[in-house]
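Structure first, then comments.
Chain letters run A, B, ... following the sequence lines, proteins first and then strands; every chain starts at 1. All values derive from a computational prediction rather than experimental measurement.
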Number of protein chains: 2
Amino acid sequence: MKHDKENIGVKEIARRANVSIATVDRVIHNRTGVSDKTRNKINAIIQELDYQPNILASRLASKKTIHLAMLIPSASDETQFWEAPLRGIRRAESEIRQYGIHIDMYFFDLNDKESFRKQARAILDQKVNGVLLSPTFVEETVEFIKSCNQQSIPYVFIDSTIPQQNNLSYIGPHLFQSGYLSAQLLTYGLKGPSHKLLIVNISKEVDNFNYPQIEAGFRSFFQDQGDSKAIIRIDIRQTGYASVREELSKALQQHPDVDALFVTNSRVSSVARFLASQSLHDKLLIGYDYLPDNIEYLKSGTIDFLICHKPEEQGYRGVMALYQTLVFSSSVEKEYFMPIDIVTRGNYEFYRN
Amino acid sequence: MKHDKENIGVKEIARRANVSIATVDRVIHNRTGVSDKTRNKINAIIQELDYQPNILASRLASKKTIHLAMLIPSASDETQFWEAPLRGIRRAESEIRQYGIHIDMYFFDLNDKESFRKQARAILDQKVNGVLLSPTFVEETVEFIKSCNQQSIPYVFIDSTIPQQNNLSYIGPHLFQSGYLSAQLLTYGLKGPSHKLLIVNISKEVDNFNYPQIEAGFRSFFQDQGDSKAIIRIDIRQTGYASVREELSKALQQHPDVDALFVTNSRVSSVARFLASQSLHDKLLIGYDYLPDNIEYLKSGTIDFLICHKPEEQGYRGVMALYQTLVFSSSVEKEYFMPIDIVTRGNYEFYRN
DNA sequence: CGAATTTACGGGTACGTACCCGAAACCCTT
DNA sequence: AAGGGTTTCGGGTACGTACCCGTAAATTCG
C-alpha cells in the first residue's frame, strides 16, 4: 500500500481558473449563476485536464437519494421465469445501495392488464428518477412511457421491447436469431434426410410482436439452407397441463411422423411431461429458459436443449444502465442483446442464469 | 430524489459506547490501543446495530492505494486467447481505480518458463497486496506462491489451476465437464450408429494436469452411454500449420473413416484450415475458444461448435475477487467454475466472451 | 444618478471514515 | 513518592465534492 493518488480535482481546477471551488461546482453541474466568460474558461480547463469527478466524494457529499422503480410481472407458479430478473435487480440494488440508490419494486399480474396500468400510475405518483420495466402489454406501456417522456424520466426495457420508442435501452434477447439457433440445433440433431417439425406455442395472450420474430427466425434457417422441411404449428391458448396434453395428443395423432418439437417459450416442461408420459423418447425437444422443471427434463433427456437469455443478468444490467446514466451521465447502448445460450445435459450444472 | 439516508455510522456507535470515534475506528480495524473492556463493548454495539461501514467514505478517507499484480501469458500471434482475460482485467481496473486500486501488469512468455520465474520475482519485489495469475507452469508457480503464502499475499488462479494449494480462488473452467459436453455435442450431431472419433491435441508443452481432464470427460460421456465408440488420439507437438497439416494428413489416411474431430484447445482453426483445404466438409469439428480465426471457420461451417469459458469474465472476476477480499474482507468461493458455453453459427454474433 | 434588483461569486460546512498527535490514565520501578 | 514507561483514549484534520448562505458586482429602473 503506497501513498499515491495525485488526481486533480475541483480544487486544482479552481486554482487554475482563479475562481472558487463553488464556481467550478456550478459549472460542472450546469447550474446558473456563472458568467459565460468564467464558464468557458472553467470548461476549457476541465477539458484540458480531462477531469474525472471522484464518484466516492460526490455520492458521499450528495444528500440526495436516487429513486428507481422496477415494474415486472410477479413470479407465479405458472411462470417462475421472472424470479431470475428479480434476483438480478436485487443484486444490483445491494451493490449500489451504498451509493444512495434505492429501488421501489412494483409487480403486475401477467394475466391482468389493469394491474399493469395501476402499478404504472403508482410509480408516476412517486416521482422516481428512472424506471426499469418489462413492456409486456404494448398499449399500456406506451401510455405509461408517454408520461415518462414528459417528465424526462429515463426507462429501460428488459426481456422484450417495443420498437421505435424513446427507451434509454433495451436489454434482452434477439428473438429472431434465437429462433434461428433453435432451428440449427434441431437440424444438427436430426438423423436422415426428410423431417417434420412441430412448433408449439403455449400462451394465453396472443403476442403480435415478440413471438412472430422467433418463428420467423426458426423458419428462416431452413430457407437459408434451401431445406424445405415440413413445419407445422399449434397454438395452445390454455396453459394448464390438461390442455397441453389434449392439444399435443391431437397434433401428434394427426402427425405421428413429427421428429422434433420446438416450444417457443418456457412452458416446454409441459410438453416434456407429455412426451415422457407417452414414452416418445426419440423426438427431439427444444424450448426456453433455465427453470427447475425444465432442468429436470433436461437431465432425464426428454428435453434436448434449452435456450436461455440470461434473465438474471437482464435485471442486473437494466438497473446498472439506469445507474450509469443517472449518476455518471454516461451513455448506454440503446440495444443490448443478451447472448443466446445453449443449455444441455452436459453444461447445465455450470450455467449462470 | 429525496433526503433519506439515516444509516448509523461510527459516530452513532461512539455515542452509544461513550467513547470517541477514533476508538471505534481502532476496534473496527483491530488496531492496538484499546482495552478489552471497551473493545468488547464496542463490538457488541457493532453486532447489535449490524453496522455496515460506508465504503465511499472509507475509501475516500484512506490514503492507501491497494496494489494488485497480474501475471498472465502475453498474447502472441500464436495465442490470441490471453487478450480476452486481459480485457476483463482492464475493465475491472477501470471500474475500481477510483476506489484506490491499482493493477501492475506482468506478462510472461508461454514458451519460456524462465520468463515466468523472472516476472514472479519482480512482483515480489514490489510488495503488492494481491496477485492474479495463470498457473501455467506448475513448478514455477508453486515456488512463487510459497513466497506469497509467507507474506500472506492472497492470490487467485484463472483459466487453469493447481489443486491443493492455498489460492484464494480458482476462476476457470471445469475441464472434465467441458470434455464431456463436447462428446455430447458430437454424438448429438452424428448420424447413424457406429463412428470413429479423433481427438487432436496440439501443444508444445506436455500438459500433465489440465489436458487429461478434458480427455477423461470426453471419454466418460461414452462410457456413461454404454457406447463404445472408437476413439483415437493424436498429439501434435509443433504448433505451426505445416506440422498440423502433416500430422492430420497422416492420421486421416490411416483412419479415413473418422466422422468427427475434437480439438482440445484453441488451435482448432488450424485443423479447420486443413479440413477445408481437403474439402472434408462432412466431418464434425469441435474445438475451443471464441477467437477471430475460429469464428471465421464457424461461420463457414467447417467448425461446428466452439466451447468457451468466458475468458474475459475470468479476468474480470479474478480482479474482483481480490478486490472483495482486500477491501470488504468478504469471502469468495474457492472454486468458481465458468459456464461452459456453446458457440455456433446461430449464436456467435451475440456471444459475450 | 441613486436605489432596487439581479447576477456572479467566495467562504465555509457537511458527508462518514482514516489516522495523526498529544494527553490522560495506568503500571512498574527504585 | 517520584520518575519513567506503557497503555488507552479523544481532539481534530483530511479526503473530494455538494450545496447553503452571504456579499460584492453588475444591471435595471424610476
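Residues that satisfy the salt bridge (Lys or Arg N to Asp or Glu O under 4.0 Å) test with R31(A), not counting sequence neighbours, are D25(A).
Within 4.0 Å (heavy atoms only), N18(B) reaches sugar-phosphate atoms of the nucleic acid but no base atom.
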Taking it one step at a time, do F144(B) and Y155(B) satisfy ring-ring contact (aromatic ring centres under 6.0 Å, His included)?
CA-CA 10 Å; F144(B) 171 60; Y155(B) 48 93; 7.4 Å; no
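When side chains are defined from C-beta on, L322(B) counts as touching L168(B), because their heavy atoms get closer than 4.5 Å.
Spacing between atom CZ of R59(B) and atom C1' of dT17(D) amounts to 18 Å, rounded to whole angstrom units. Taking atom OH of Y51(A) as the reference point, atom C1' of dA18(D) lies 11 Å away to the nearest angstrom. If you take CD1 of I55(B) and C1' of dC15(C), they are 15 Å apart, rounded to a whole angstrom. Remark: P of dT8(D) and CG of N30(B) are 15 Å apart, rounded to the nearest angstrom. Here dA8(C) presents its C1' atom at 11 Å from CD1 of I42(A), a figure rounded to the nearest Å. Regarding I28(B), its CD1 atom lies at a distance of 14 Å from the P atom of dG16(C), rounded to whole Å. Going from atom CG of N54(B) over to atom C1' of dG16(D) covers 14 Å, rounded to whole Å. In this structure, L60(A) places its CG atom 13 Å from C1' of dA14(D), rounding to the nearest Å.
Between T38(B) and dC9(D) there is a side-chain N or O to OP1 or OP2 distance below 4.0 Å. At the phosphate of dT7(C), neither OP1 nor OP2 sits under 4.0 Å from any side-chain N or O atom of S35(A). Dashed line: the shortest gap from a side-chain N or O of Y99(B) to OP1 or OP2 of dT17(C) is not under 4.0 Å.
Distance from the side chain of V34(A) is smallest for dC9(C) among the nucleotides dG10(D), dC9(C), dT17(C). Closest to the side chain of S20(A), out of dT8(D), dC9(C), dT17(C), is dC9(C). When the nucleotides dC15(C), dA18(C), dC15(D) are ranked by their closest atom to the side chain of S58(B), dA18(C) comes out on top.
Counting only N and O atoms by type, the side chains of Y316(A) and E95(A) include a donor and acceptor under 3.5 Å apart. Remark: the Y51(A) side chain and the E12(A) side chain contain no N/O donor-acceptor pair separated by less than 3.5 Å.
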For a quick check, with a 4.0 angstrom heavy-atom cut-off, what is the B/S/- contact string for nucleotides 19-25 of chain D, read 5' to 3'?
B-B----
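Around atom CD of Q151(A), more than 12 heavy atoms belonging to other residues, nucleotides or ligands sit under 6.0 Å away. Around atom NZ of K37(A), no more than 12 heavy atoms belonging to other residues, nucleotides or ligands sit under 6.0 Å away.
Where A57(B) and G33(B) meet DNA chain D, the nucleotide closest to each residue was compared, and G33(B) sits on the side nearer the 5' end.
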